[in-house]
J.: 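The structure under discussion is supplied below as structure tokens; questions concerning it will follow.
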2 protein chains.
Amino acid sequence: MRVRLEDVARAASVSPKTVSRVLNDEANVSDDTRQRVLAAMQAMDYRPHPSARSLAGHRSFLVAMLYDNNDNPASTYLAEIQDGVLEACDEHRYSMMVRPLRMRSGDFIRRLDALIADHHPDGVVLTPPITDYAPLLKRLREAGVPHASVSPAHRGKGIIGVRMDEQQAARAIVEHLLALGHRRIAHVVGIADHGASRWRLAGYREALAAAGIAEDPVLVVQGAFTFGSGVEAARKLFALKKRPTAVFAANDDMAAGVMWAAGEYGIKVPHDLSVCGFDDIPLARQLWPALTTVRQPAREMGKLAALQLLEVVRDRSPGRLAQVGFSLEVRDSTARVP
Amino acid sequence: MRVRLEDVARAASVSPKTVSRVLNDEANVSDDTRQRVLAAMQAMDYRPHPSARSLAGHRSFLVAMLYDNNDNPASTYLAEIQDGVLEACDEHRYSMMVRPLRMRSGDFIRRLDALIADHHPDGVVLTPPITDYAPLLKRLREAGVPHASVSPAHRGKGIIGVRMDEQQAARAIVEHLLALGHRRIAHVVGIADHGASRWRLAGYREALAAAGIAEDPVLVVQGAFTFGSGVEAARKLFALKKRPTAVFAANDDMAAGVMWAAGEYGIKVPHDLSVCGFDDIPLARQLWPALTTVRQPAREMGKLAALQLLEVVRDRSPGRLAQVGFSLEVRDSTARVP
DNA sequence: TCGCGAATTGACAGCGCTGTCATTTGTGTC
DNA sequence: GACACAAATGACAGCGCTGTCAATTCGCGA
């Protein structure tokens, strides 16, 4: 039969309420008692019943991760974030629920309300690109549900979660190309209204400007974060009279598309063309030549965002926007200008 | 304030217990009463409190999806299954929890026990490759937790879930190559102990045998379901004195690797070499030329598996192993033998 | 119309925990 | 050593629902 809190209490010769206090890390329990209770819990392999805790305590010990499975950047990126969030939740004995939501669909808010009404999550983790969707944020605030974002586009006060300095990272990778002697550097942009696209474009521009290079508009082509859009963007670039010597794609999928298109045109990477991406998804390492890119620690970011959230949920702390570092993964797809 | 079952009861002029009966679709409620209660629920937008239901009813309304994030076939495949499972759970107002487990790790069973003890899932969905891990199945049976599998390797009685006739599908795609005149057809095998690898290899052999072609062992090379392993396998094949005219890779990632390697060797697909894969992941459509492959309806399979499971959980039905059809997606990577 | 078994409905306790508040124990002060 | 006050602990009700079983109503044949 199941071990209940009452059983632990009896074993430790204290009242159930005291065991509850220990379980919830509350103050006003003597060290001696706390130890005794913890020992009893351990010995009996006590597992609190989440539903009972939730019912009596008016909290669910549940974190929901919201994502947009319709136009998400890349499913492997989300999967990594998911793993990170899950890890953080596990550590704090919270459970996690995932929730696909279609931002462009009419019932977005209704589905969000249903989630809240049905499951009462103690907090919510938002992933790109739904970190900045105003009606969503408004609704969460109204409902009093704390939320943390992975890579939010805005940095207003009250925004908690985790971010990476993507603009800085984009600038760094373009500077890497500049250092290799490239001057005609193209950029394949991501979906227009994603924060990621804006930052990466800004970083690209910043690097060029700092190097005193005027931006050539034909070298900035629109993509959509997909492999196919990378292929198409590259075809446009390769059709140019004066081709670029390097391409910085706003994510790895598109970079792979660029490399693929290069193959079509008989352009050798990196000999004739340097290509770099952003994110460092598993594919980047598997491509040949291996892709130079920026490592975005998605898993770690998911975990950190969830940890920020849990801090707010548990300790009523104000929470903060943590920042993670990036690293340039220089591999074989970039070389000195021909 | 929250609408409770009691409030609905009052509005419908019945006892709380009767509302509960309606909520749980129990028998012995007159049609008239049922309608009245349902109307009241609707009008008041009543949402049962899952924790209260769980606590009182000794069930959790929770389905856990187990997966191996260490050596999983492909993360987009899992993501699709996850979406399908989620959809089925939503329809039946169950919640879903995801659970990464490392099959090769020592604490596998301990983590499984923790999952059961902590969350009491009413059922579990197993995804490849952990559909047939004996200690896991044993433990689930001991704990009395019903489980459904997506593509289980074995078909013993009591195995419920969903399968696709992968051998038949593999045979079909190889027959497609044969119909194009190919006789020297290579096969890149997946991870050895995965059911998927065995079936696909068996289908390959079956097709060759039926066509009266003796298997050439050098044309069957080992891969590991990853892009990189596809590249390496292809390099071995291209180093052969007598190259194959077609390659059937056991999944799309490896097929993409084969196409990539073909680029390295200046081999034109499909002119010089036909390539086909298996799964129809998004990448397949994005490759150039687009990849001929077998469509494995992962999302639908996840949904069906979950539906089978829920049937068992809710109606105590014995459950069955559903079967889904496959379809050959003939695209541009296969052509008549040169 | 009456009686009887089946169908329908309801009363009530309790699932395992926590919030509230009362009670007990400890600590420092003069 | 007595007192004031804070820290530690416990008693008890109740979170929102369902299981059990008793009570009531219904349908139908005699």
Side-chain angles (χ1 to χ4, degrees), chain A residues 1-38 40-41 44-62 93-95 117-120 122 313-314 316, chain B residues 1-38 40-41 44-62 93-95 117-120 122 313-314 316:
Chain A
M1 196 46 204
R2 171 174 203 93
V3 178
R4 289 156 309 153
L5 182 139
E6 192 194 332
D7 304 319
V8 176
R10 202 170 309 120
S13 314
V14 293
S15 75
K17 178 67 223 194
T18 297
V19 178
S20 167
R21 273 191 269 259
V22 172
L23 187 63
N24 293 290
D25 262 329
E26 286 175 30
N28 295 336
V29 178
S30 75
D31 252 10
D32 179 48
T33 310
R34 190 182 298 276
Q35 291 313 321
R36 204 149 30 93
V37 171
L38 285 173
M41 282 180 174
M44 307 174 82
D45 191 29
Y46 169 66
R47 312 280 188 152
H49 194 302
S51 298
R53 293 232 278 168
S54 160
L55 184 59
H58 306 283
R59 29 187 197 156
S60 59
F61 299 96
L62 210 207
R93 302 191 145 261
Y94 269 65
S95 49
D118 286 339
H119 301 283
H120 310 283
D122 287 342
V313 168
R314 292 160 54 107
R316 304 194 162 285
Chain B
M1 196 49 201
R2 174 177 199 90
V3 177
R4 289 154 311 152
L5 183 139
E6 192 194 332
D7 304 320
V8 176
R10 202 170 308 118
S13 316
V14 293
S15 75
K17 178 68 223 193
T18 296
V19 178
S20 166
R21 272 191 271 258
V22 172
L23 187 63
N24 293 290
D25 259 329
E26 286 176 30
N28 294 336
V29 178
S30 74
D31 252 10
D32 179 49
T33 310
R34 189 180 299 276
Q35 291 314 321
R36 203 148 31 93
V37 171
L38 285 174
M41 282 179 172
M44 308 175 80
D45 189 30
Y46 169 65
R47 314 278 188 153
H49 194 301
S51 297
R53 292 232 279 170
S54 161
L55 184 59
H58 305 284
R59 37 195 189 144
S60 59
F61 299 96
L62 208 208
R93 303 192 144 262
Y94 270 64
S95 49
D118 286 339
H119 302 281
H120 310 284
D122 286 340
V313 168
R314 292 161 53 106
R316 304 194 160 286

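Protein chains get the first letters and strands the later ones, always in sequence-line order, with residue 1 at the start of each.
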J.: Taking the nucleotide of DNA chain C with the nearest heavy atom to each, does Phe61(A) or Arg34(B) sit closer to the 5' end?
T.: Arg34(B)
J.: Please report, rounded to the nearest Å, how far the C1' atom of dT18(C) is from the CD atom of Glu6(A).
T.: 14 Å
J.: Describe the nucleic acid contact of Ser54(A) in one word from base, sugar-phosphate, nothing, applying a heavy-atom distance below 4.0 Å.
T.: nothing
J.: What's the closest nucleotide to the side chain of Thr18(A) if the choices are dG10(C), dG10(D), dC17(D)?
T.: dG10(D)
J.: Rounding to a whole Å, what distance do you find between Arg2(B):CZ and dG16(D):C1'?
T.: 8 Å
J.: Side chains of Ser51(B) and Ser54(B): donor-acceptor distance under 3.5 Å anywhere?
T.: no
J.: Nearest heavy atom decides the nucleotide; on that basis, is Ala56(B) or Pro16(B) closer to the 5' end of DNA chain C?
T.: Pro16(B)
J.: Out of dC17(D), dG10(D), dT18(C), which has the shortest distance to the side chain of Ala52(B)?
T.: dC17(D)
J.: Heavy atoms under 4.0 Å, any strand shown: does Thr33(B) hit a base, just sugar-phosphate, or nothing?
T.: sugar-phosphate
J.: Report the distance from atom NZ of Lys17(B) to atom P of dA22(D), rounded to the nearest whole Å.
T.: 15 Å
J.: When you check the phosphate oxygens OP1 and OP2 of dG16(C), does a side-chain N or O of Tyr46(A) lie under 4.0 Å from one of them?
T.: no
J.: Taking only the side-chain heavy atoms of His49(A) (C-beta and beyond), determine which of dG16(C), dT18(D), dT9(C) contains the nearest atom.
T.: dG16(C)
J.: Under the criterion side chain to side chain contact (heavy atoms under 4.5 Å, CB included), which of Val29(A), Val14(A), Leu38(A) is the partner of Val19(A)?
T.: Val14(A)
J.: Could you tell me whether Arg93(A) atom CZ has more than 12 heavy atoms of other residues or ligands within 6.0 Å of it?
T.: no
J.: Side-chain N or O of Ser51(B) less than 4.0 angstrom from OP1 or OP2 on dC15(D)?
T.: no
J.: Examine dT18(D): is either OP1 or OP2 under 4.0 Å from a nitrogen or oxygen in the side chain of Ser20(B)? Give yes or no.
T.: yes
J.: Mind calculating the distance between NE2 (His58(B)) and P (dG16(D)) to the nearest angstrom?
T.: 18 Å
J.: Looking at dG10(D), does its base get a donor-acceptor pair with the side chain of Arg21(A) below 3.5 Å?
T.: yes
J.: Does a side chain donor of either His120(B) or Arg2(A) reach within less than 3.5 Å of an acceptor in the other side chain?
T.: yes
J.: Tell me whether the guanidinium CZ or amine NZ of Arg53(B) lies under 6.0 angstrom from the six-membered ring centre of Phe61(B) and within 45° of its axis.
T.: yes
J.: So, is Ser15(B) close to the dT9(C) phosphate, meaning a side-chain N or O under 4.0 Å from OP1 or OP2?
T.: no
J.: Could you state the CZ-C1' distance from Arg93(B) to dC17(D), rounded to the nearest angstrom?
T.: 16 Å
J.: For Arg53(A) and dG19(C), what is the distance between atoms CZ and C1' respectively, to the nearest whole Å?
T.: 15 Å
J.: Distance check needed: dT23(C) P versus Asn28(A) CG, whole Å only.
T.: 18 Å
J.: In whole angstrom, give the distance that lies between atom CZ of Arg10(A) and atom P of dG10(D).
T.: 14 Å
